[in-house]
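Letters A, B, ... mirror the listed sequences (proteins, then strands); counts begin at 1.
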Amino acid sequence: MATPYHHREIELKWRKEWENKPVNVDDGKKQKYYCLDMFPYPSGNGLHVGHWRGYVISDVWSRYKLLNGHYIIHPMGWDAFGLPAENYAIKMGVHPAKSTAENVSNIKKQINEIAALYDWDMEVNTTDPDFYKWTQWIFVKMFKAGLAYEKQMPINWCPSCKTGLANEEVVDGKCERCGEEVTKKNLKQWMLKITEYADRLLSDLDHLDWPEKVKKMQTDWIGKSFGAEVDFKVEGMSDAITVYTTRPDTLYGATFMVLAPEHGMALSLATSETKAEVEKYIYDASMKSNVDRLQDKEKTGVFTGSYATNPLNGAKVPIWLSDYVLADYGTGAIMCVPAHDDRDFEFAKKFNIPIIQVIAKDGIEIKNMTEAYTEATGVMINSGDWNGLESAVLKKEGPEMIEKMGFGKKTTNYKLRDWVFSRQRYWGEPIPIIHCEHCGCVPVPEDQLPLLLPEVETYQPTGTGESPLADIEEWVNTTCPECGAPAKRETNTMPQWAGSSWYFLRYVDSHNNEELVNKEKAHKLLPVDMYIGGVEHAVLHLLYSRFYTKFLFDIGVVDFEEPFEKLFNQGMITGKNGIKMSKSKGNVVSPDDLVRDYGCDSLRMYELFVGPPELDSEWDDRGIEGVYRFITKFWNLAMDNVERNVPATEEMLRLRHRMIHDITFRLENFSLNTVVSGFMEYNNKMIEMNKNGGIDRETIETAMILLAPFTPHLSEELWSAFGHQESIFQNTWPVHDEKMMEETEKEVAVQINGKTKLVIKVAADISKEDAIAAGITALGDKLQGDVIKEIYVPGRIINIVAKQA
RNA sequence: GCGGAUGUGGCGGAACUGGCAGACGCGCUAGACUUAGGAUCUAGUGGGAGACCGUGCAGGUUCAAUUCCUGUCAUCCGCACCA
């Protein structure tokens with residue numbers, strides 16, 4: 001009699017229906033809500049259940065917002081340039097453009113199985129010339145603004161990927177992409193002056209609704225510190241060495257100085273006796289890779305033979321070279337206070353340099369320091385007229401004092417470095433610059449963009465530091481747009497991050513040939529309200545995107561400074577024992593079979609049910625049975641009442657309003673796994689109630705609407721079975737009524753000394769005295785000794801505190 | 001080394017501002033219906049015979065602690081000579 005649940009039929013039917021009559025339309029009146037997924041790179045491996053999770057989370061959220069009356073911007077696109085796509089193409093022996101197109105079409109098919117609200121009219125692909133025209137345009141604008149510049153410098157080089165890397169792409173001295181140990185290579189590189197935005201990138205984090213973890217990672221990456229630059233005169237030389245310190249309070253304790261081996265003055269400080277040794281040290285340091293340099297626990301160094309003068313007390317301090325000082329941070333030179341810095345202490349011990357304590361730890365001077373005292377807490381000693389001052393105060397006010405005394409200045413430093421933007425690879429946006437002998441670097445005129453990536457026979461990386469594009473003479477040789485003389489094109493390409501740093505802006509106007517994005521559309525539809533993706537981009541993509549957006553704000557393209565108002569990082573879905581899903585591990589679970597056997601709705605729900613969305617979860621296929629049973633049971637329950645018209649009892653009303661309240665509350669808190677368990681609980685209760693002759697239609701319909709973001713096909717089908725012509729998504733999200741949730745009777749635990757002995761039912765509005773009396777009566781003989789305290793927590797606990805006689 | 005997160009049955013996980021620990025689901029056990037069932041339904045399922053014991057471990061605060069405090073261990077993640 002009752003229609004059984006056939007997920008396949010239903011899902012196909014509604015997929016078609018929604019295509020003909022979209023449920024998410026901009027009527028010009030609704031408030032927009034932009035919910036964005038981090039767009040995928042179209043790999044040949046296709047999607048696994050882990051990819052689904054993020055897309056399901058964002059779609060559930062989008063549909064929830066849709067039911068709350070918003071017009072949803074929920075686009076999808078392809079991050080198709082870059083190493084993964086190119087490596088895949090090389091491996092398969094096909095042109096990356098071809099393999100990319102194939103992969104996009106496959107993955108698109110798989111993504112459509114999620115039945116998300118994606119608006120494919122907005123689709124973008126970073127390798128599409130109509131798209132990368134604007135990626136290049138941004139670069140030209142940055143060049144004109146002085147933010148893109150060329151520099152010859154030793155950069156991070158991955159010998160396996162055969163390309164230069166940005167600092168952000170080096171993890172533990174290894175390539176973020178392939179795990180190969182990163183070496184150094186001296187190359188002429190395009191750089192982006194992200195450091196110019198360091199302060200804004202830091203301070204604007206405050207206002208963002210992002211996970212604290214990600215904010216902290218960006219804060220640490222930017223690494224702002226306050227301190228002073230201090231000039232130390234070198235004996236017998238006119239030049240001074242400037243050091244950077246965050247601890248000006250310890251200046252009296254500086255007993256030596258150390259310069260990075262790459263420091264400009266390193267060689268000139270050597271005396272005739274030390275010259276050979278100094279030269280050798282500098283050479284050795286230059287040969288060390290990042291990894292070697294990090295792993296050398298033991299400090300090394302060489303004395304230059306020269307001395308400098310401590311500007312504060314005139315003390316003569318020896319000048320050393322050591323690779324524990326970084327050339328590209330601060331001034332590349334430091335003053336060393338071994339008593340109050342671990343590294344300086346270690347160095348001083350090894351090379352027998354005096355250690356002078358200048359901060360009294362716990363008010364005392366230590367005879368033989370066995371370790372540095374690094375805290376700025378305590379009173380100054382051995383510090384001339386600073387004696388007796390608080391170290392913490394001096395640390396803060398020192399920079400200004402030094403500036404007034406005329407041998408230094410107050411400064412700020414950042415760990416953030418400029419962004420190495422050139423890649424020596426084929427599959428990327430050509431950098432639109434022409435090198436002219438007379439005019440220098442000239443950007444390709446904006447009206448000539450896009451500068452197309454030329455066809456090439458071999459797109460394998462050369463490994464020489466030159467891009468494969470350098471081989472194409474007819475492309476490289478061109479004329480200067482300024483003077484018309486013969487000139488050469490830049491042959492490096494942009495990193496993968498170039499397109500992904502701004503793609504989210506393009507979605508809302510993806511077919512615009514005149515502008516990156518129309519101003520009105522940008523104003524109306526941007527920025528992104530909710531951004532969902534993995535935490536692995538915490539400092540890469542997310543920092544770059546913020547930088548790009550700020551730049552585009554500065555040149556008037558957009559009217560906001562931050563691209564992503566709210567960020568959610570979903571946890572990873574792993575295989576058994578928390579092992580990351582990968583082809584080589586053979587533990588990849590494909591969604592395809594699960595969709596076929598259980599349906600899209602079941603898989604959507606199970607993706608959420610596996611665990612809290614922000615944590616990693618182990619995948620277990622068996623669990624999907626549970627949600628499938630739930631869906632079937634709800635279907636049967638609804639179908640059982642499709643012909644009935646049962647009046648709502650108080651119990652039903654209470655259930656309905658509690659259900660609305662609980663589901664909404666959990667959804668708002670992004671506790672999506674408990675939303676699912678909540679549905680199961682209420683469904684079980686409804687099934688019990690239904691045994692007494694049915695449930696009122698409105699309660700069941702309410703459940704359908706609440707379920708709609710999770711199981712859109714099921715809800716839509718049942719909604720229509722209940723006789724509704726319009727889509728279920730035409731509804732607005734149900735609102736609960738607090739009064740309807742209240743019960744007249746409550747179950748209360750009765751405890752003796754905090755231990756539950758039994759449970760009784762009392763009236764919800766019972767007085768404390770009556771509740772306690774009822775509790776004591778119920779306890780009877782169990783209660784012995786003198787009652788010394790009675791506690792009643794309304795509706796929850798009666799606790800009788802008794803003392804044994 | 002520094003910073004952060006996590007730790008609860010056989011498993012995934014619940015528990016809002018301290019208030020009946022183990023919701024919900026998987027798995028398992030028994031039974032029912034079946035020719036059969038890996039379908040469905042019903043009952044049970046932290047440990048212990050028991051009073052009781054149980055949320056990584058050891059303390060503390062409280063009438064009451066998974067929740068708060070102190071210490072400690074383990075796992076995972078991020079940063080790592082940034083002066």
(request) Please state how far atom CD1 in A:I772 lies from atom P in B:rC63, giving the value in whole angstrom units. (result) 15 Å
(message) Does B:rG18 count as syn, meaning its glycosidic angle lies within 90° of 0, or as anti?
(response) anti
(message) Is the distance from the ring center of A:H661 to that of A:H736 below 6.0 Å?
(response) yes
(request) State plainly whether the residues A:K691 and A:E688 are in salt-bridge range, i.e. N to O under 4.0 Å. (result) yes
(request) Pick the C1' atom in B:rA83 and in B:rG12, then give their distance to the nearest Å. (result) 48 Å
(request) Would you confirm whether the ring centroid of A:F710 sits within less than 6.0 angstrom of the ring centroid of A:F679? (result) yes
(message) With rounding to the nearest 0.5 angstrom, report the CE to CG distance, A:M572 to A:D616.
(response) 4.5 Å
(request) Could you measure between the two P atoms, the one in B:rG59 and the one in B:rG54, and give it in whole Å? (result) 11 Å
(request) Report the distance from atom NZ of A:K299 to atom C1' of B:rA83, rounded to the nearest whole Å. (result) 11 Å
(message) Determine whether the aromatic ring centres of residues A:F256 and A:F347 are separated by less than 6.0 angstrom.
(response) yes
(message) Tell me whether the side-chain N/O atoms of A:Y329 come closer than 4.0 Å to OP1 or OP2 in B:rA83.
(response) yes
(message) Please report the interatomic distance CD(A:E397) to NZ(A:K410), rounded to the nearest 0.5 Å.
(response) 9.5 Å
(request) Assert yes or no for the condition that the ring centre distance of A:Y606 to A:W52 is strictly below 6.0 Å. (result) no
(message) So, taking the atom named NZ in A:K757 and the one named CD in A:Q751, what distance separates them when rounded to the nearest 0.5 Å?
(response) 9.5 Å
(request) Could you work out the separation of B:rC28 and B:rG60 based on their C1' atoms and round it to a whole Å? (result) 40 Å
(request) Summarise how protein sits on nucleotides 19-27 of chain B as a single string, 5' to 3': B when a protein heavy atom is under 4.0 Å from the base, S for sugar-phosphate-only contact, - for no contact. (result) BB--BBSS-
(message) Taking the C1' atom in each of B:rA23 and B:rA14, what is the distance between them to the nearest angstrom?
(response) 5 Å
(message) Expressed as a whole number of angstroms, how long is the span from A:E176:CD to B:rC79:P?
(response) 10 Å
(message) Could you tell me how far B:rG44 sits from B:rA5 if I compare only their C1' atoms? Round to whole Å.
(response) 37 Å
(message) If I take atom CD in residue A:E346 and atom C1' in nucleotide B:rG1, what distance separates them, rounded to the nearest angstrom?
(response) 12 Å
(request) Could you work out the separation of B:rA32 and B:rA36 based on their C1' atoms and round it to a whole Å? (result) 15 Å
(request) For A:K215, report the nucleic acid contact type (base, sugar-phosphate, nothing); a contact means any heavy atom under 4.0 Å. (result) nothing
(request) Write down the distance between CG (A:L608) and P (B:rG12), rounded to a whole number of angstrom. (result) 19 Å
(message) Please give the distance between the P atoms of B:rG4 and B:rG9 as a whole number of Å.
(response) 26 Å
(message) Consider ring pair (Phe, Tyr, Trp, His ring centres under 6.0 Å). Of A:F630, A:F634, A:W635, which one does A:Y5 pass it with?
(response) A:W635
(message) Just to be sure I follow the notation: if a pair is Watson-Crick (purine N1 to pyrimidine N3 plus N6-O4 or O6-N4) or a G-U wobble (N1-O2 and O6-N3), each under 3.5 Å, what dot-bracket string does RNA chain B give, with | for pairs to another strand?
(response) (((((((..(((......[....)))((((((.......))))))((....))..(((((..]....))))))))))))....
(message) Could you tell me how far apart A:Q218 (CD) and B:rC77 (P) are, to the nearest whole angstrom?
(response) 21 Å
(request) With the side chain of A:W221 defined as its heavy atoms from C-beta on, choose the nearest nucleotide among B:rA80, B:rU42, B:rC63. (result) B:rA80
(request) Can you tell me the distance, in whole Å, between the CG atom of A:N753 and the C1' atom of B:rU62? (result) 13 Å
For residues 761-775 of chain A, run the donor-acceptor check on the side chains, cut-off 3.5 Å, and write out each pair with its distance to 0.1 Å, sequence neighbours left out.
residue, atom, partner, partner atom, Å
A:S767, OG, A:D770, N, 3.2
A:S767, OG, A:D770, OD2, 3.3

(message) On RNA chain B, compare the nucleotides closest to A:A333 and A:D616; which residue's is nearer the 5' end?
(response) A:D616
(message) Say we look at B:rU62 and B:rC11: how far apart would their C1' atoms be, to the nearest angstrom?
(response) 35 Å
(message) Nearest heavy atom decides the nucleotide; on that basis, is A:V610 or A:T331 closer to the 5' end of RNA chain B?
(response) A:V610
(request) Quickly work out the A:E212 CD to B:rG4 P distance and round it to whole Å. (result) 12 Å
(request) Tell whether A:K213 reaches the base of B:rC77 with its side chain through a donor-acceptor pair below 3.5 angstrom. (result) no
(request) Looking only at side-chain atoms of A:K216, point me to the closest of B:rG3, B:rG13, B:rC77. (result) B:rG3
(request) Measure the CG-OH distance between A:L312 and A:Y252 for me, rounded to the nearest 0.5 Å. (result) 4.0 Å
(request) Identify whether any heavy atom of A:S617 sits under 4.0 Å from a base atom; if not, whether one sits that close to sugar-phosphate; answer base, sugar-phosphate or nothing. (result) nothing
